[in-house]
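Report on the following structure.
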Amino acid sequence: MYWRSASWMLGMLMLIALASCRATAVQDGYATIQGGEYTLGEQNHLMNPKRKVNVQAYEISIYEITNQQFEDFAKATGHITIAEKRHDAMVFYPGLAEFRWHQDSTAWWRFPNGVSQGGIKDKMTHPVTCISYLDVQAYCKWAGVRLPTLDEWEIATRAGARSRYFWGNKPGKMDANANIWHGKDHLLPDTADPWMHTAPVGSFAPNPNGLYDVYGNVFEFCTGVPAFLQDKPDIACARGGSWWCSFASCSYFNNTDIGDVRVYASFSNQGFRVVR
């Protein structure tokens, strides 16, 4: 009996040691994701089929990049965003039909919903939006960071889960974990929570890796594209859904789905987090 107990204890210690190899440490606003083999994707998913990948260890920001952080970049570099140059940012207001957005010549990252809706003076802790993939690349170069790959984003978001959400396959915990659109359509304002558009980063519960807003709030740019988009150099991908997404429209707030947008496009539900 003693030897069986000792063997059992040894086995448990080995399991704990293996688990600790994948444990996440959060420090200085970044979570460390351990390298190794991970299972990603979903069976028969066109853009993200089930597969195994190997990655090196990396650190990913626990929050989406905020207006304050982007302002620091803009002040330091004088960067002018695509939306400022082209006056073609896409914004949303209640009453638009599903999947319809309005091109607002006054919208840019300081006025992400257009000048008529006010600026970001009191929203410096909200994620920056109305920035294009090209603007994000400029920020990353200045900050000495990079965007996560599609695989790195998913590994960090899943936090070891094989389910559609990091807590399971049923979306019942979404309200506690994500800023999404709760209405049955977009004809009327969403008043289910205090924020019709973006929420301050970290307003909802984190995933087990310590990352906030992995679902909802803003779509997060990633590098890389699925295989069938590799011949389209003007396309960038993003993940996690946004405040606009609902269960009836664009329910991309999960571990699997991948959105795409043109690299010059600027939307008021598009943002990013970074890796270092």
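Side chains included, hydrogens not; waters and symmetry mates left out as well; all remaining heavy atoms used.
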Reported OH-to-CG distance for the pair Y30 and L211, which is rounded to 0.5 angstrom: 11.5 Å
Transitive ILVMFWY side-chain link M124 to V201, under 4.5 Å: no
Atom pair CD1 (I60) and CD (E152), whose distance is rounded to the nearest 0.5 Å: 7.5 Å
M196 vs P94 side-chain heavy atoms within contact, under 4.5 Å: yes
Contact summary for T129 and P112, nearest pair of heavy atoms: OG1-CB, 3.1 Å
NZ-CG distance between K52 and D151, expressed to the nearest 0.5 angstrom: 13.5 Å
From CA spacing to verdict: side chain to side chain contact (heavy atoms under 4.5 Å, CB included), M90, V261: CA-CA 12 Å; M90 304 298 288; V261 67; over 6 Å; no
N67 vs E71, side chain to side chain contact (heavy atoms under 4.5 Å, CB included): CA-CA, chis, key distance, verdict: CA-CA 6 Å; N67 286 317; E71 181 179 74; over 6 Å; no
Passing candidate, ring-ring contact (aromatic ring centres under 6.0 Å, His included) with F221, options F272, Y139, Y133: Y133
Ring centers of W244, F99 separated by less than 6.0 Å: yes
Separation between CD of Q27 and CD1 of I62, rounded to the nearest 0.5 Å: 11.5 Å
Flag if over 12 foreign heavy atoms under 6.0 Å of CG, L187: yes
Hydrophobic cluster identity match, F253 and W167, side-chain contacts under 4.5 Å: yes
Whether over 12 other heavy atoms sit under 6.0 Å from R262 CZ: no
F73 and W109 aromatic centres sub-6.0 Å: no
For the student: nearest non-hydrogen atoms of A159 and N207, plus distance: CB-ND2, 4.1 Å
Single-linkage hydrophobic cluster F70~F111, side-chain heavy atoms < 4.5 angstrom: yes
Backbone N/O of L150 and side chain of R239: donor-acceptor pair under 3.5 Å: yes
Intermediate values then yes/no, side chain to side chain contact (heavy atoms under 4.5 Å, CB included), Q68 and T125: CA-CA 7 Å; Q68 181 63 65; T125 59; over 6 Å; no
Heavy-atom closest contact (C130 atom, A89 atom, distance): SG-CB, 3.9 Å
Cluster link I155 to M47, ILVMFWY, side chain under 4.5 Å: no
Pair Y215 and F166, ring centroids less than 6.0 Å apart: yes
Working for side chain to side chain contact (heavy atoms under 4.5 Å, CB included), residues T32 and E59: CA-CA 4 Å; T32 300; E59 295 179 315; 3.6 Å; yes
Polar contact flag, side-chain donor to acceptor under 3.5 angstrom, T157-E154: no
Nearest atoms (heavy-atom pairs only) where S163 meets Y165: OG-O, 2.5 Å
Inter-residue atom distance I258.CD1 - C222.SG, 0.5 Å rounding: 8.0 Å
Flag, side chain of Q117 to backbone of G114, donor-acceptor distance under 3.5 Å: no
Charged N-O contact under 4.0 Å between K85 and D135: no
Any K50 side-chain heavy atom under 4.5 Å of H45 side chain: no
Ion pair check, E42 and R164, cut-off under 4.0 Å: yes
V274 backbone acceptor or donor facing S61 side chain under 3.5 Å: yes
Side-chain donor or acceptor of D260 paired with backbone N/O of I235 under 3.5 Å: no
Donor-acceptor under 3.5 Å (N179 side chain, H197 main chain): yes
Test item: T106 side-chain N/O and V115 main-chain N/O as donor-acceptor pair under 3.5 Å: yes
Ring center gap for F219 and F267 short of 6.0 angstrom: no
Any side-chain heavy-atom pair of H102 and N113 under 4.5 Å: no
Check: E220 and P127 side chains under 4.5 Å, non-hydrogen atoms: no
Lys/Arg cation over aromatic Y38: R158, 6.0 Å, 45° cone: no
Donor-acceptor contact present, side-chain N254 to main-chain S251, <3.5 Å: yes
Distance (rounded to the nearest 0.5 Å) between H182 NE2 and W243 CH2: 13.5 Å
Non-hydrogen atoms of L96 and V91 that approach each other most closely: CD1-O, 4.2 Å
Verdict with reasoning, N217 to H126, per side chain to side chain donor-acceptor pair (under 3.5 Å): CA-CA 9 Å; N217 220 16; H126 287 235; over 6 Å; no
Smallest separation among heavy atoms of L229 and C237, with atom names: CD1-SG, 4.3 Å
Polar side-chain atom of S203 near backbone of P200 as donor-acceptor pair, under 3.5 Å: yes
Same apolar cluster (I L V M F W Y, side chains within < 4.5 Å links), Y264/W101: yes
